[in-house]
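Each remark here refers to the structure printed beneath this line.
None of the values given here were measured: they were computed from a predicted structure. We name chains A, B, ... by the order of the sequence lines, and we start the count at 1 in each one.
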Amino acid sequence: MPQSAVLSREFFTAPALQAARRLLGCRLVRLDEGACQESGARRYQGASEVRGARESRGARLAGIIIETEAYRGEEDQGCHARAGRTPRTEVMYGPPGHAYVYFTYGMHWMLNFVVEAEGYPAAVLIRAIHPEEGLEVIASRRNHLPPKQWTNGPAKICQALRIDGRLNGVDLCAPGAELFVEAPLGGSPIPDERVASGPRVGLNNVPEPWRSIPWRFQARLEGMVIE
DNA sequence: AGCACGATTAACT
DNA sequence: GTTAATCGTGCTC
């Protein structure tokens, strides 16, 4: 196994657009303690096991981030922080490098990473990943649909990786976190030629310029060799 | 207390 | 292409 470099607090302190662009090609990792009964997943070693306890504690589920969107500031009419500080948006005003997980449409969870300076509300929505670890658990959670439909949407990622409100506010940079991001070993892995930007999705009732501002970033992995 | 709508998805015609 | 599902959130009364 190659050494993994977990993204630091400094990474998430960057401006939202920069963070959204640089997250492409990084690996989203979910250490899912609740997946220990499901078959086929690689087990990870829980802290208690390192200290000598008996059983492994869950599955390591992971994928390469291939689509993101930036949301920043109370002026951004597409951002939840347009309502200011509320119980829901409080996490976005907190320190960078934490998860902002929210519930919408009465049934779906969405995963974001809080970015920029503490006190300034900004986040990056994770819209799609290319699954690489824990494929059997992911397939099961995604009802054994074709692999292309496993994690090609923000709510699908949360269903596949079992991300819900319990993970709202968790620190992605804390040792032993159950959710974190690994940098690619060789620096920025996705060249600009393979990255497209465009308007954010699903803001149909949001006024311009926020509705069309190109704060969505998509990577194409076809033909790329991912180590 | 009531209401409109949502950073979506799956299943339709 | 259209639409139902389903409930937390923020806004108005």
Identified pairing partner of dT6(C), criterion: Watson-Crick or G-U wobble below 3.5 Å
none
When both hydrogen-bonding distances must be under 3.5 Å and the geometry is Watson-Crick or G-U wobble, what is dA1(B) paired with, if anything?
dT12(C)
Reckon [X] touches a base, only the sugar-phosphate, or nothing at all at heavy-atom distances under 4.0 Å?
X: Asn112(A); value: base
X: Gly78(A); value: base
X: Arg142(A); value: sugar-phosphate
X: Leu125(A); value: base

Within 45° cone of Tyr71(A) ring axis and under 6.0 Å: Arg200(A) NZ or CZ:
yes
Please indicate whether Arg220(A) has more than 12 foreign heavy atoms, meaning atoms of other residues, nucleotides or ligands, lying under 6.0 Å from its CZ.
no
Count the heavy atoms of every other residue, nucleotide or ligand shown that sit under 6.0 Å from CZ of Arg21(A), and state whether that count exceeds 12.
yes
Heavy-atom protein contacts under 4.0 Å, nucleotides 1-10 of chain C, coded B base, S sugar-phosphate only, - none
----BBBSSS
Ring-plane angle category for His80(A) and Tyr102(A), please: parallel below 30°, perpendicular beyond 60°, tilted otherwise.
perpendicular
Any side-chain heavy-atom pair from Trp210(A) and Leu203(A) closer than 4.5 angstrom?
no
Identify whether the distance between the nearest side-chain nitrogen and carboxylate oxygen of [X] and [Y] falls below 4.0 Å.
X: Glu67(A); Y: Lys156(A); value: no
X: Arg82(A); Y: Glu75(A); value: no
X: Arg9(A); Y: Asp171(A); value: yes

What is the 5' to 3' range of DNA chain B, first to last nucleotide, that sits under 4.0 Å from any heavy atom of chain A?
dG6(B) to dA10(B)
Return the 5'-most residue of the pair Asn143(A), Val206(A) with respect to DNA chain B, ranking by each residue's nearest nucleotide.
Val206(A)
